[in-house]
Each structure stands twice: as C-alpha cells, then as structure tokens.
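Below, read A as the first sequence line, B as the second, and so on, with proteins coming before strands; counting in each chain starts at 1.
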Amino acid sequence: MSTVTRFAPSPTGYLHIGGLRTALFSWLTAKHNNGKFLLRIEDTDMARNSEEAKDAILKAFEWVGMSHDGEVVYQSKRFDLYKTYIDQLLEEGKAYKCYMSKEELAALREEQMAKKERTRYDGRYRDFTGTPPEGIAPVIRIKAPQEGRISFVDGVKGEFSVDAKEVDDFVIARADGSPTYNFVVAIDDALMGLTDVIRGDDHLYNTPKQIVVYNALGFKIPNFYHVAMINNEQGKKLSKRDGATDVMEYKTMGYLPEALLNFLVRLGWSHGDQEIFSLEEMINLFDPNDINKSSSNYNLDKLLWLNAHYIKNTSNEKLAEMLKDFGVDIAGHDKLEMLLDATKERGKTLVELSNQINLILHAPKAYDEKAVKKAFKGDAKAILTDFIAMLQTWEKPLHLPSDCHAVMEKLVADKEIGFGKIGMPLRVSLLGSMTGAGMDEVMAILGVDETITRIERAVTTIE
RNA sequence: GACCCUUUCAUCUAGUGGCCAAGGAUAUUACGUUUUCAACGUAAAAACAGAGGUUCAAAUCCUUUAGGGGUCGCCA
C-alpha cells in the first residue's frame, strides 16, 4: 500500500513555523515512499475561518516549494458526507441524542473539578428511552467503550494507551447538526486513504477519540506520529514576541526556503553528524520513526548560519532574480557575476546582501564619521591623489580585480608604504565605510572612470 | 486540580549496558589569514536535571523527586 500523508490546517491565520515543520515531516515521509502528500483545509468552524488565511497558507507552501498532490480538500464542502455517517451511527445505535443543556454540562464539570476528577460527560443519555425534555435541541454523542483500554502504537512516543474511562461519549454533531472536529478528522483521514498521520503532540489526546470513530465506522486505523512542539529559546511556548512565527516573514527577512527547511528538519530529527541537507537528501534519509520525542527550542543563530551557507551556494543568476524582491535589480548588469562573487559571502540574508550590493552600486552620499577619522588623516590625501594619477596613466586594461590589484601593488611599492595606507582611504572613498567587499573587486565593478570620480569627490572633503 | 508526554554543553543534536573520563554543529573566546568587514582555517571553553537502586559495568534499565510542555469544549 502506498504511503499517504497530509497536512490539515484550519484557516484561522497564517502558516506557523511549527506547522511548517510538521508539514515538512509529512511531506518528506510521502516523498520518501513515493507516496502522496495531501492538503486538507479544516474549515468547519465558519465563524473563525477566513479566505485570506487559507490563501496565505497556500502561498507559504508555494514559497517553500512543498507541493501537495491532488485537489485541496475542504471540510466545509463535505457536510453532507459527514451527515450520512452520523445518521448511520444513529441507526446502528452507536451514537445517540443527548438533551443535556450547556448549563447542566457546565455544572457537571464544576462538580467534577471540585471532586478533583478529570472532567467528562457522564453518559446520562446513553441509554435514554423516555420523553426528551422540551425546548432542547439535542447534540449527538458517540458511544465510546466503557471499559478496557484504548491503545495504539505511536511512531514517535511509542506505546500509548488510555483507560477507556478517560474517553467519554464525546459530541460528534452539535445542536445545529454540524459535525465536530474529532469526528470529521477521523472520517476524512480514513476516506482520503491516510496511511501515516503526522501531527503535533497536542493531538495525542484526540487520537483515542478518533480511534473510537474509526472503530465505530469500521475504518482501518493509520499509523500515528505525534511530534513534540517547538518552544522558544527559553523553552516556553513559541509566541509572536519571540520573533517571526509566520512563515512568510522569513521570506521578507531574506531567508531562502532551502535554509528554512534545512533548519526545520533538524529540529527534532537528525542523521548522525550531518547538518546540511539538500531537499533530495532529506527525502532519501527521512524516516518519521526517527523523530525525537522531546520538544526543541527555537534558535535563530543556526538558521542564519544555514542561510549564509545557502546564499554562498546559490547561483548568481538565481540570486539576482531573488534580489529583485529586495529592491536590487541587477539581472541585466554586465558585471553581475563579479558583483555577486564579491558580496555573497558577506550577506547572511538577502537583505544584508542587497545592502552590500547597494553600497557598491551607489556612490556614498556621506562618509562614515569614524571611518573618516581613521582613514582620511596624515598623507591620505596625497596618496589618493597619486593613486588617481596612476589610474589615469595606467596603460594596461583594468577589467579584472587582478588588474586593479596591480595598480595598488605598484603604488605601495613606489611609495614604500603598507597596503593599509592606500586600502583604508580608498575604501572610505569608494564605499563610504570601513567595511565591505574587497577593493580590487569594487574597482573592477565600478570601472576606472567611476572609481576616479568617487576618489576625486572624497579628496575634496579632506582638508 | 486530574491525566499524559518529556529531560545530554547556552541552543540543535549523536548516543539503544562496555567502543563515552560523552562526539558533531551553531553561538562564544583566542590565534592565524586579509587593505577593512565578513568568509575561511586552527584551538579553547562548554552537558548526561537531582537522589536512590539493578549490574562486574549505566547517559543508556528500574524507582523516585524536581523542571518544562500538553490535554481536560456543542474550538480546531
């Protein structure tokens, strides 16, 4: 039987970084087995759903390049289907109408809390045959087993079992007739042919309930994998205050999808000492049975490192394309290769990279104050002036970084000075700051004319 | 409150009774390289939550305490 996995978000907000990891694990499991990865939108709660949220989730998937197989399934369009199963269970006596009011239920819970018990429905209408109370629209509850244990083997946690007494006759249809979560999830997972359900371990307790549904309907129970949550660096639940939780924010911040996926796959999963995984390697090596039991903390440092790695290893052509989103359009630039070669090791994100490039592309509007103090002193002015003269009279071509380097070398030799004497003032003249790309590269990219223009302008500011 | 899950360097992790006086990666620090900043290279520092057991031998098995997380809806 071929593997089928799924991701099933409810469209109430953006795609969360934790959700993306769970989705990644599911996606990898499907790809590893040449199976299918399905997407289902859990929109049974009409009040909280939004179209925008759904689109945002789909967009995030598109960005990271995790495509789903087949059509997206919307639970909101399947109410008729769920209804037939509710009727079936009612007819077979596996579910029943419960006329307990919300007030009565609340009172019962309070009573149980007071007695320090786990709260649960007491089954008072399970075998009810009398006359139903007036004015109460009943909910439908499923008959859960009353004794024994409900158990299953979780691919991550291992053997998991709860006392049947812990699982009450939960509601499968509300008073208005709409089906509830645990009911529809079980039905959809079964009908969509899921073989492996990978989800957050906040669903661990839902699983016994869903197993009740599987059994009542005679469905085959899939493998379950409950993945521990991602916490913040302090080990607390990840919230907006901890930085970006929306997947698309990472695009804005200049992260590459490969880096983000590589980062996420290593949260709760590993393969020996390996840190860098291409998509292909992940697919080949991933096995949901290897997922770690414990929750992991979210730490941006490693993501930044990975991102730098992927930027360095991305083709210049592709980088140029991506940089368009960051206000840098160099796709047609004749020195594109040189420009990116000179900068891509200096940018950990596309934002930083675009800053590096802009530094070269645009003549400095102002010179960094500290840099001026350090570089434009002593005989800096004279050296720069000599350098201009040298450039103007240079007879060989000055196209390559090595060509430009030769000029500096000559100057250093002639004047019997260190490289720093020319390097530092030159750097400030060309870029306005003490940091940044190598001078040889910058000069080659700018060309002789622009190089001279920038130096001349700088010289006039030195008194 | 009840029930469940979990616990190796600051962080992600390797580790399935002897190969572990615990390995890798990130971050940190130092040094090297460099005209600068990065990148890169070398090195340093850094952990088995605590307490009891079992065993010739325990990070690994058992008990227990503590920390963290989750669940207890006519939400998903």
Novice: Taking atom C1' in both B:C61 and B:G17, what distance in whole Å separates the two?
Specialist: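 It works out to 8 Å between them.
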Novice: Tell me if the NZ atom of A:K312 is crowded by more than 12 foreign heavy atoms within 6.0 Å.
Specialist: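 Atom NZ in A:K312 is crowded, with more than 12 foreign heavy atoms closer than 6.0 Å.
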Novice: Show every side-chain hydrogen bond (donor to acceptor under 3.5 Å, both in side chains) that has at least one partner inside residues 363-374 of chain A, sequence neighbours left out.
Specialist: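 Sorted pair list comes back empty.
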Novice: Kindly state each residue pair satisfying salt bridge (Lys or Arg N to Asp or Glu O under 4.0 Å) with at least one member in residues 5-26 of chain A, sequence neighbours excluded.
Specialist: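 Sorted result for residues 5-26 of chain A: A:R6-A:D189.
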Novice: Without hydrogens or angle criteria, can the side chains of A:N292 and A:S294 be said to hold a donor-acceptor pair below 3.5 Å?
Specialist: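 Their side chains do not contain a donor-acceptor pair, so the 3.5 Å distance test is not met.
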Novice: Choose from B:C74, B:G1, B:C37 the nucleotide whose nearest atom is closest to any side-chain atom of A:T435.
Specialist: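 Out of B:C74, B:G1, B:C37, the nucleotide with an atom closest to A:T435's side chain is B:C37.
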Novice: Using a cut-off of strictly less than 4.0 Å, decide whether A:S270 has a side-chain nitrogen or oxygen near OP1 or OP2 of B:C12.
Specialist: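 The answer is no; no side-chain N or O of A:S270 sits under 4.0 Å from OP1 or OP2.
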Novice: So which nucleotide does B:A76 pair with, by the Watson-Crick or G-U wobble rule with both distances under 3.5 Å?
Specialist: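 Result: none.
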Novice: Base contacts versus sugar-phosphate-only contacts with protein, heavy atoms under 4.0 Å: please encode nucleotides 2-10 of chain B as B, S and - from 5' to 3'.
Specialist: BBSSSS---
Novice: Would you list the pairs meeting ring-ring contact (aromatic ring centres under 6.0 Å, His included) in which at least one residue belongs to residues 136-170 of chain A, sequence neighbours left out?
Specialist: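 The answer is A:F152-A:F160, A:F152-A:F224.
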Novice: Send over the distance from A:D440 CG to B:U36 P, rounded to a whole Å.
Specialist: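 It is 12 Å, rounded to the nearest whole Å.
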Novice: Is a donor from one side chain sitting under 3.5 angstrom from an acceptor on the other, for A:D169 and A:Y96?
Specialist: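 Checked: A:D169/A:Y96 side chains pair up, N/O donor to acceptor below 3.5 Å.
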Novice: Should A:L108 and A:M100 count as side-chain neighbours, where that means a heavy-atom distance under 4.5 Å?
Specialist: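 They are in contact (side-chain heavy atoms under 4.5 Å apart), so the answer is yes.
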Novice: Which nucleotide wins on minimum distance to the side chain of A:T44, given the candidates B:A25, B:A76, B:C74?
Specialist: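 Closest nucleotide among those given: B:A76.
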Novice: Starting from the 5' end of RNA chain B, give me the residue, A:F263 or A:D301, whose nearest nucleotide shows up first.
Specialist: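 It is A:F263 whose nearest nucleotide is closer to the 5' end.
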Novice: Measure from the side chain of A:V171, starting at C-beta and using heavy atoms only, and say which of B:U36, B:C74, B:C12 lies closest.
Specialist: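 Ranking B:U36, B:C74, B:C12 by closest atom to the A:V171 side chain puts B:C74 first.
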Novice: Please determine whether any donor N or O and acceptor N or O are separated by less than 3.5 Å between the side chain of A:K102 and the base of B:C74.
Specialist: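 Answer no: no donor N or O sits under 3.5 Å from an acceptor.
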Novice: Nearest-Å distance, CD (A:E441) to P (B:U34)?
Specialist: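 Going from CD in A:E441 over to P in B:U34 covers 15 Å.
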Novice: Please state the C1' separation for the pair B:A46 and B:U28 - nearest whole angstrom.
Specialist: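 My reading of the C1' atoms in B:A46 and B:U28 gives 10 Å.
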Novice: With both distances under 3.5 Å as the test, what is the Watson-Crick or G-U wobble partner of B:C56?
Specialist: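 Paired with B:G18.
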Novice: On a whole-Å scale, what distance lies between the P atoms belonging to B:C19 and B:A57?
Specialist: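 Each nucleotide's P atom is 14 Å from the other's.
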Novice: Which value, in whole Å, describes the distance between the P atoms of nucleotides B:C72 and B:U13?
Specialist: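 Taking atom P in both B:C72 and B:U13, they lie 26 Å apart.
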Novice: Scan every strand shown for a Watson-Crick or G-U wobble partner of B:C48, both distances under 3.5 Å, and answer none if you come up empty.
Specialist: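 Answer to the pairing question: none, since B:C48 forms no Watson-Crick or G-U pair.
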Novice: Looking at every strand, decide which applies to A:N206 at a 4.0 Å heavy-atom threshold: base, sugar-phosphate, or nothing.
Specialist: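 Base contact - A:N206 has a heavy atom under 4.0 Å of at least one base atom.
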Novice: List the residues meeting side chain to side chain contact (heavy atoms under 4.5 Å, CB included) with A:R78, not counting sequence neighbours, and say none if there are none.
Specialist: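 Testing A:R78 for side chain to side chain contact (heavy atoms under 4.5 Å, CB included), a comparison that skips the adjacent residues, returns A:V73, A:L81, A:Y82, A:D188, A:L191.
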Novice: Could you tell me how far apart A:L304 (CG) and B:U26 (C1') are, to the nearest whole angstrom?
Specialist: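 Interatomic distance, CG of A:L304 to C1' of B:U26: 10 Å.
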Novice: Rounded to the nearest 0.5 Å, what separation is found between the CG atom of A:N182 and the CD atom of A:Q210?
Specialist: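 If we round to the nearest 0.5 Å, A:N182:CG and A:Q210:CD are 5.0 Å apart.
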Novice: Which residue pairs pass the salt bridge (Lys or Arg N to Asp or Glu O under 4.0 Å) test with at least one member in residues 290-302 of chain A, sequence neighbours excluded?
Specialist: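 Every pair satisfying salt bridge (Lys or Arg N to Asp or Glu O under 4.0 Å) with a residue in residues 290-302 of chain A: A:E275-A:K302.
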Novice: What nucleotide among B:A14, B:G23, B:C74 has an atom nearest to a side-chain atom of A:D273?
Specialist: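 My answer, after comparing the listed nucleotides, is B:G23.
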Novice: Which residues in residues 353-369 of chain A have at least one heavy atom lying under 4.0 Å from any atom of RNA chain B?
Specialist: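 Heavy-atom cutoff 4.0 Å gives no residues at all.
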Novice: Cation-pi check for A:F128 against A:R141: NZ or CZ below 6.0 Å from the six-membered ring centre and within 45 degrees of the axis, yes or no?
Specialist: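 No, A:R141 and A:F128 do not form such a contact.
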Novice: Separation of A:I172 atom CD1 from B:A76 atom C1', in whole Å?
Specialist: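 Taking atom C1' of B:A76 as the reference, CD1 of A:I172 is at 17 Å.
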Novice: Nearest to the A:S10 side chain among B:A76, B:C12, B:C74, which nucleotide is it?
Specialist: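 Selected nucleotide: B:A76.
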Novice: Output the rounded distance in Å from CH2 (A:W269) to P (B:C12).
Specialist: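 Result: 17 Å.
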Novice: Measure the shortest side-chain to side-chain distance between A:V247 and A:L260 over non-hydrogen atoms and say whether it is less than 4.5 angstrom.
Specialist: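 Yes. Closest side-chain heavy atoms under 4.5 Å.
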Novice: I need a per-nucleotide contact map over nucleotides 38-46 of chain B, read 5' to 3'. Cutoff is protein heavy atoms under 4.0 Å; write B for the base, S for backbone only, - otherwise.
Specialist: BSS------
Novice: Using the C1' atom in both, what is the distance from B:C3 to B:U16, to the nearest Å?
Specialist: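 After rounding to an integer number of Å, I get 29 Å for this pair.
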Novice: Tell me which nucleotide, if any, is Watson-Crick or G-U wobble paired with B:C3 when both distances must be under 3.5 Å.
Specialist: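 By the stated definition (distances under 3.5 Å), B:G70 pairs with B:C3.
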Novice: Once you apply the 3.5 Å cut-off to both distances, tell me the Watson-Crick or G-U wobble partner of B:A30, or none.
Specialist: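 WC or wobble partner is B:U42.
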Novice: To the nearest Å, how far apart are A:N292 CG and B:G68 P?
Specialist: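 Result: 21 Å.
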Novice: Can you list, pair by pair, the side-chain donor-acceptor contacts under 3.5 Å of residues 7-19 of chain A, counting residues two or more places apart and other chains?
Specialist:
unit_1	atom_1	unit_2	atom_2	d
A:Y14	OH	A:T245	OG1	2.7
A:H16	ND1	A:G18	N	2.9

Novice: Can you say whether the rings of A:F277 and A:H271 are parallel (under 30°), tilted (30 to 60°) or perpendicular (over 60°)?
Specialist: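 The rings of A:F277 and A:H271 stand perpendicular, inter-plane angle above 60°.
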Novice: For A:L89 and A:Y85: C-alpha separation, side-chain torsions, deciding distance, then whether side chain to side chain contact (heavy atoms under 4.5 Å, CB included) applies.
Specialist: CA-CA 6 Å; A:L89 290 180; A:Y85 284 104; 5.6 Å; no
Novice: Could you tell me how far B:A27 sits from B:U7 if I compare only their C1' atoms? Round to whole Å.
Specialist: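 About 22 Å, rounded to a whole number of Å.
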Novice: Using a heavy-atom cut-off of under 4.0 Å over every strand shown, decide if A:R109 touches base, sugar-phosphate, or nothing.
Specialist: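 Sugar-phosphate contact only.
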Novice: Tell me: NZ of A:K209 to C1' of B:C74, nearest whole Å?
Specialist: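 Going from A:K209 (NZ) to B:C74 (C1'), I get 12 Å.
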Novice: In whole Å, what is the span from the NZ atom of A:K302 to the P atom of B:G24?
Specialist: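 It works out to 13 Å between those atoms.
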Novice: Could you give the distance separating B:A49 and B:A10 at their P atoms, to the nearest angstrom?
Specialist: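 Looking at atom P only, B:A10 and B:A49 are 12 Å apart.
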Novice: Strictly by salt bridge (Lys or Arg N to Asp or Glu O under 4.0 Å), give each pair with a member in residues 196-210 of chain A just once, sequence neighbours left out.
Specialist: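 For residues 196-210 of chain A: A:K157-A:D201.
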Novice: In whole Å, measure the gap between the C1' atoms of B:G50 and B:G67 for me.
Specialist: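 Comparing C1' positions in B:G50 and B:G67 gives a spacing of 11 Å.
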Novice: Counting only non-hydrogen atoms, which of residues 401-427 of chain A are less than 4.0 Å from RNA chain B?
Specialist: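 Nucleic-acid contacts, sorted: A:F419, A:G420, A:G423, A:M424, A:R427.
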Novice: Taking any heavy-atom pair under 4.0 Å as a contact, classify A:V139: base, sugar-phosphate, or nothing.
Specialist: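 Base, at least one base atom sits under 4.0 Å.
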Novice: Choosing from B:A25, B:A76, B:U13, which nucleotide comes nearest the side chain of A:Q75?
Specialist: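 Selected nucleotide (nearest to the side chain): B:A76.
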Novice: Taking the nucleotide of RNA chain B with the closest heavy atom to each, which residue, A:H271 or A:A8, is nearer the 5' end?
Specialist: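 The 5'-side residue here is A:H271.
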Novice: A:E275 near the nucleic acid: base, sugar-phosphate alone, or nothing, with a heavy-atom cut-off under 4.0 Å?
Specialist: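 Contact class for A:E275: base.
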Novice: Run the salt bridge (charged side-chain N to carboxylate O under 4.0 Å, His left out) test against A:E441 and tell me which residues pass, sequence neighbours left out.
Specialist: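 Salt bridge (charged side-chain N to carboxylate O under 4.0 Å, His left out) check on A:E441 returns nothing, list empty.
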